[in-house]
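Right, one structure below, let's go through it.
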Amino acid sequence: MASEAHHHHHHDHHHPHDHDEATESWVGQDGRVYHSHDGLAPHSHEPIYSPGYFSARARPLSTRNFKERAFTVGIGGPVGTGKTALMLALCQFMRDKYSLAAVTNDIFTKEDGEFLIKHGALPEERIRAVETGGCPHAAIREDISINLGPLEELSNLFKADLLLCESGGDNLAANFSRELADYIIYIIDVSGGDKIPRKGGPGITQADLLVINKTDLAQAVGADLAVMERDALRMRDGGPFVFAQVKHGVGVEEIVNHVLQAWEVATGNKRH
């Protein structure tokens with residue numbers, strides 16, 4: 001039986017006095033090895049003991065006050081799978097009926113935010129780009145204040161109905177904290193190969209919605225969509241997933257419907 005620590009997924013933020021300043025890493029009270037770098041809060045890269053289960057995913061917080069910060073959609077996934085393209089598509093699809101604002105994360109640049117501005121996703125003042133430095137996952141999971149600040153500010157400034165938060169590209173172990181994202185979309189693409197869905201990881205298995213993007217590339221890379229569908233169903237315990245070609249608008253409406261359905265349930269609002 002795995003020890004209690006393995007099931008304890010909260011990251012204890014230890015104070016500096018808990019360890020010698022000179023050491024690179026230390027063992028926390030939960031038995032995990034923590035480290036801190038790039039000015040990030042201490043965090044561990046703890047082993048994950050299973051690919052994760054959709055039914056066992058962290059639920060949205062029931063105590064959330066949407067007046068402080070509007071319903072927030074987190075978009076995560078590996079590098080280059082189409083996160084920013086999805087941000088743009090969601091903005092284009094919903095901006096006429098809803099008040100939106102967006103925060104993008106890149107490690108070293110503000111490129112994704114600039115892409116959204118250049119393509120007129122939303123008025124420029126509704127878009128903030130955050131340079132996270134360090135591991136992208138830290139900014140969406142352990143040290144989320146770097147995102148919460150601008151999201152709360154934009155939310156109040158524009159009386160937002162929905163906020164979009166795009167993570168920096170990361171690996172299959174990255175996922176959003178529920179303190180940050182009320183609805184989590186994880187986007188992968190077929191060019192990584194049809195084995196990606198069955199590799200699992202919390203994004204694939206536990207995101208509220210899995211998007212398998214760039215289906216038009218399947219033939220070119222020899223990926224079998226039937227295999228991806230079978231594995232996605234199995235790995236996600238029946239949790240929803242969408243095949244898409246975000247750049248060509250395919251599957252976008254279906255993704256928007258999933259988001260708005262969750263928004264209605266969480267906020268009690270009716271879609272416009």
Side-chain angles (χ1 to χ4, degrees), residues 60-61 64-77 81-106 110-132 139-140 144-169 176-187 207-209 211 213 240 242 244 246-272:
L61 305 180
R64 270 268 278 124
N65 177 355
F66 294 110
K67 291 197 168 39
E68 280 172 23
R69 173 171 54 92
F71 184 87
T72 303
V73 179
I75 298 177
T81 53
K83 291 184 296 298
T84 316
L86 181 56
M87 290 281 280
L88 174 60
L90 292 179
C91 288
Q92 290 168 333
F93 217 95
M94 296 194 288
R95 65 193 177 195
D96 295 340
K97 292 185 176 174
Y98 301 90
S99 175
L100 303 178
V103 172
T104 64
N105 290 183
D106 280 305
K110 293 192 163 56
E111 189 151 330
D112 289 345
E114 287 158 6
F115 173 90
L116 293 179
I117 290 164
K118 186 176 87 197
H119 287 85
L122 295 172
E124 186 167 348
E125 61 276 12
R126 289 174 177 255
I127 299 169
R128 296 276 165 87
V130 172
E131 284 180 51
T132 57
I140 61 166
I144 60 175
S145 56
I146 195 169
N147 278 310
L148 282 180
L151 285 166
E152 278 170 14
E153 205 177 311
L154 289 167
S155 187
N156 292 316
L157 211 52
F158 298 106
K159 307 218 175 345
D161 295 307
L162 290 110
L163 300 167
L164 302 175
C165 181
E166 177 193 349
S167 162
F176 280 81
S177 160
R178 280 298 187 195
E179 301 283 335
L180 181 59
D182 301 292
Y183 191 77
I184 299 166
I185 299 176
Y186 196 77
I187 181 167
D208 296 303
L209 181 65
V211 175
N213 195 25
V242 173
V246 171
K247 219 182 211 166
H248 308 304
V250 178
V252 174
E253 187 167 2
E254 200 182 334
I255 295 166
V256 168
N257 280 331
H258 280 288
V259 169
L260 289 178
Q261 203 178 337
W263 176 77
E264 286 185 330
V265 169
T267 63
N269 295 326
K270 280 273 161 269
R271 65 176 84 187
H272 314 174

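- Counting non-hydrogen atoms of neighbouring residues, nucleotides and ligands closer than 6.0 angstrom, the CD atom of Glu264 exceeds 12 such neighbours.
- Separation of atoms OH (Tyr186) and OG1 (Thr81) is listed at 7.5 Å; rounding is to 0.5 Å.
- Between Glu166 atom CD and Ile187 atom CD1 the span is 9.5 Å, to the nearest 0.5 Å.
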For residues 149-158, which side-chain N or O atoms pair as donor and acceptor with protein atoms under 3.5 Å away, sequence neighbours left out?
residue: Glu153; atom: OE2; partner: Arg128; partner atom: NH1; Å: 3.3
residue: Glu153; atom: OE2; partner: Arg128; partner atom: NH2; Å: 3.4
residue: Ser155; atom: OG; partner: Ala70; partner atom: N; Å: 2.8
residue: Asn156; atom: ND2; partner: Glu152; partner atom: O; Å: 3.0

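- Looking only at atom types and distance, the side chain of Asn105 has no donor-acceptor partner in the side chain of Thr132 under 3.5 Å away.
- Considering every non-hydrogen atom in both Trp263 and His272, the closest pair reads CH2-NE2, 4.0 Å.
- Other residues, nucleotides and ligands contribute more than 12 heavy atoms inside 6.0 Å of the CD atom of Glu125.
- Between Tyr183 and Ala262, the closest heavy-atom pair is CD1-CB, 3.4 Å.
- Side chain of Asp112 to main chain of Thr104: no donor-acceptor pair is present (N/O by atom type, distance under 3.5 Å, no hydrogens or angles).
- Between Asn213 and Gly82, the shortest heavy-atom contact is ND2-CA, 3.9 Å.
- Put simply, the side chain of Thr84 does not reach to within 4.5 Å of the side chain of His119, judged on heavy atoms.
- Of all heavy-atom pairs spanning Phe176 and Cys165, the tightest one is CZ-O, 3.6 Å.
- The existence of a salt bridge linking Arg178 and Asp208 is confirmed by a sub-4.0 Å separation between a basic side-chain nitrogen and an acidic carboxylate oxygen.
- Note that CG of Leu88 is 9.0 Å distant from CG of Leu122, once rounded to the nearest 0.5 Å.
- Between Leu90 and Ile75 there is a side-chain heavy-atom pair separated by less than 4.5 Å.
- Between Phe66 and Phe71, the ring-plane angle classifies as tilted under the 30° and 60° cut-offs.
- Tested against Cys91, the residues Leu116, Leu162, Leu164, Ile127 include a single side-chain contact (heavy atoms from CB on, under 4.5 Å) partner, Leu164.
- Of all the heavy atoms in Arg69 and Leu163, the pair that sits closest is CG-CD1, 3.5 Å.
- Taking CG of Leu260 as the start and CE of Met94 as the end, the distance is 6.0 Å to the nearest 0.5 Å.
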Carefully, step by step, assess Ile185 and Val259 under the rule side chain to side chain contact (heavy atoms under 4.5 Å, CB included). CA-CA 9 Å; Ile185 299 176; Val259 169; 3.9 Å; yes

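- Note that CZ of Arg95 and CG of Asp161 are 15.5 Å apart. Values are rounded to the nearest 0.5 Å.
- The shortest non-hydrogen separation linking Ala129 to Lys110 is O-CE, 3.4 Å.
- For the pair Lys159 (side chain) and Ser99 (backbone), a donor-acceptor distance under 3.5 Å is absent.
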